[in-house]
Amino acid sequence: MDARPTLLVVAHGSRDPRHAATVSALCARVRALRPGLRVEVGYLDFNAPSVPRVLERLSAEGVRDVVALPLLLTRAFHAKADIPSVLREASLRLPLLTVQQAEVLGPSSLLTAALERRLEEAGLRPGDRRSTGVVLASAGSSDPEAIAVIAEIAREWRRTAGWCAVRPAFASASLPRTADAVRALRADGVDRVAVAPYVIAPGFLPDRIAAGAREAGADILAPVLGPAPELARLLLRRYDESAEARLNVSAMAA
């Protein structure tokens with residue numbers, strides 16, 4: 001049996017069928033990058049299979065080590081409470097299975113590279129950066145830590161990429177909304193405004209971001225990150241970090 005832990009991608013799930021289709025496409029890209037690595041998907045809600053059902057199946061098949069990787073861009077409620085609770089309950093029922101929760105995906109330079117890829121696909125040229133203000137539009141959270149991380153990503157992205165401005169915006173829970181951030185950049189005299197959705201898959205909140213961008217007349221609206229190659233590489237980076245950490249702990253205990 002393969003000694004490498006199985007990678008379980010833990011997705012939120014959505015009633016929107018585009019969500020699961022995007023997660024499947026992303027996981028297919030991960031498998032293509034790492035042939036032989038077993039990659040499974042489990043959902044917290046709305047979609048099947050659920051995380052507990054996947055873990056039960058893996059245990060029944062003789063799998064003993066799993067890296068559970070949250071398909072999340074920030075460390076908020078799902079990463080801090082929801083997912084650990086689901087994994088803890090499953091581990092109690094499946095004592096032969098060891099499950100290690102990996103870190104969330106963001107922040108990472110690979111994510112900003114994926115954002116830039118999507119903006120270029122939407123029509124932004126590299127030479128336009130100095131005259132372009134970007135709205136970094138995330139789903140939003142009531143967790144102050146997650147909101148602070150988005151603000152820091154915006155500041156760092158402006159510093160390293162040379163945008164004329166980068167403003168955070170949120171589709172829920174926090175302010176400003178996408179439309180307000182676009183209007184604020186216009187009020188500051190920015191020539192060109194682009195909206196970069198900092199979300200992985202389509203759904204209700206990404207649609208709200210897009211509606212806000214259109215309402216305020218943004219010049220460019222990028223698609224969601226989706227199965228971007230940078231995102232697939234980031235999943236493998238987080239998997240490797242978690243698997244290596246587990247090996248180090250095991251070696252210290254030996």
Side-chain angles (χ1 to χ4, degrees), residues 7-16 18-20 22-23 26-27 41-47 50-52 67-91 99-112 114-115 118 134-157 166-178 180-181 195-210 212 222 224-226 228 230-231 234-235 237-239 241-242 245:
L7 170 57
L8 172 59
V9 176
V10 180
H12 183 275
S14 171
R15 293 186 179 89
D16 190 321
R18 297 173 296 169
H19 178 91
T22 301
V23 173
L26 177 59
C27 290
V41 182
Y43 294 93
L44 295 175
D45 205 354
F46 302 115
N47 300 101
S50 68
V51 173
V67 169
L69 198 163
L71 198 60
L72 300 170
L73 299 179
T74 56
R75 182 172 162 75
F77 173 77
H78 289 303
K80 293 178 178 178
D82 204 8
I83 293 175
S85 176
V86 170
L87 298 180
R88 188 164 49 248
E89 290 174 7
S91 296
V99 183
Q100 173 89 8
Q101 182 177 332
E103 291 296 326
V104 297
L105 298 174
S108 169
S109 59
L110 284 170
L111 287 172
T112 49
L115 289 168
R118 294 304 189 222
V134 179
V135 175
L136 179 67
S138 76
S141 173
S142 57
D143 188 311
E145 178 187 348
I147 298 305
V149 167
I150 297 297
E152 178 57 30
I153 291 170
R155 286 190 291 269
E156 184 66 10
W157 195 21
V166 179
R167 296 281 183 88
F170 308 94
S172 67
S174 305
L175 296 175
R177 296 288 185 256
T178 302
D180 295 329
V195 173
Y198 191 62
V199 290
I200 294 173
F204 175 73
L205 293 179
D207 284 350
R208 181 181 284 181
I209 289 171
V224 298
L225 295 170
E230 296 86 356
L231 191 57
L234 182 54
L235 262 69
R237 177 181 294 180
R238 295 290 184 255
Y239 167 83
E241 290 168 351
S242 184

Legend entry - Option passing side chain to side chain contact (heavy atoms under 4.5 Å, CB included) with L136 (candidates T178, V166, T112, V195): V166
Legend entry - CA sep, side-chain torsions, deciding dist, call: E145, I147, side chain to side chain contact (heavy atoms under 4.5 Å, CB included): CA-CA 5 Å; E145 178 187 348; I147 298 305; over 6 Å; no
Inset, instruction - Say whether, by atom type as modelled, one donor and one acceptor occur between the side chain of R238 and the main chain of A102 under 3.5 angstrom. - result: no
Legend entry - Rounded distance (nearest 0.5 Å) linking atom OG of S242 with atom CG of L7: 9.5 Å
Inset, instruction - Indicate the atoms forming the closest heavy-atom contact of D16 with G203, along with that distance. - result: OD2-CA, 3.7 Å
Inset, instruction - Indicate yes or no for a side-chain donor-acceptor contact from S138 to the backbone of F170 under 3.5 Å, with no hydrogens or angles considered. - result: no
Legend entry - Verdict with reasoning, L72 to I83, per side chain to side chain contact (heavy atoms under 4.5 Å, CB included): CA-CA 11 Å; L72 300 170; I83 293 175; 3.9 Å; yes
Legend entry - From CG (D82) to CG (L87), nearest 0.5 Å: 9.5 Å
Inset, instruction - Decide if atom CD of Q100 counts as having more than 12 heavy atoms of other residues, nucleotides or ligands within a radius under 6.0 Å. - result: yes
Legend entry - Flag, side chain of S85 to backbone of A81, donor-acceptor distance under 3.5 Å: no
Inset, instruction - Quick one: closest heavy-atom pair of S108 and R237, and the distance? - result: OG-NH1, 4.0 Å
Inset, instruction - With the side chain counted from C-beta on, respond yes when E156 and P107 share a heavy-atom pair under 4.5 Å apart, and no when they do not. - result: no
Inset, instruction - Report yes if the side chains of L105 and L69 come closer than 4.5 Å at any heavy-atom pair, otherwise no. - result: yes
Inset, instruction - Applying side chain to side chain contact (heavy atoms under 4.5 Å, CB included) between L111 and each of L225, I200, I153, report the one that passes. - result: L225
Inset, instruction - Please check if the side chain of T74 supplies one atom and the backbone of A76 the other of a donor-acceptor pair under 3.5 Å. - result: no
Inset, instruction - Provide the closest heavy-atom pair for A154 versus P168 in the form atom of the first, atom of the second, distance. - result: CB-CD, 4.1 Å
Inset, instruction - For the pair H12 and H78, name the ring-plane relationship: parallel under 30°, tilted 30 to 60°, perpendicular over 60°. - result: perpendicular
Inset, instruction - Show the numbers, then the answer: is there a side chain to side chain contact (heavy atoms under 4.5 Å, CB included) between D207 and R18? - result: CA-CA 11 Å; D207 284 350; R18 297 173 296 169; 2.9 Å; yes
Inset, instruction - Taking the side chain as every heavy atom from C-beta outward, state whether V23 and H19 have any pair of such atoms under 4.5 Å apart. - result: yes
Legend entry - Side chain N47, main chain S14, donor-acceptor under 3.5 Å: yes
Legend entry - Minimal non-hydrogen separation, W157 against A196, with atom names: CH2-CB, 4.1 Å
Legend entry - Close side-chain approach of D143 to K80, heavy-atom, < 4.5 Å: yes
Inset, instruction - Taking the side chain as every heavy atom from C-beta outward, state whether L205 and V199 have any pair of such atoms under 4.5 Å apart. - result: no
Inset, instruction - Of all the heavy-atom pairs spanning P144 and S142, show the shortest one and how long it is. - result: CD-O, 3.4 Å
Inset, instruction - Please confirm whether the backbone N or O of A79 pairs with a side-chain atom of Q101, one donor and one acceptor, at under 3.5 Å? - result: yes
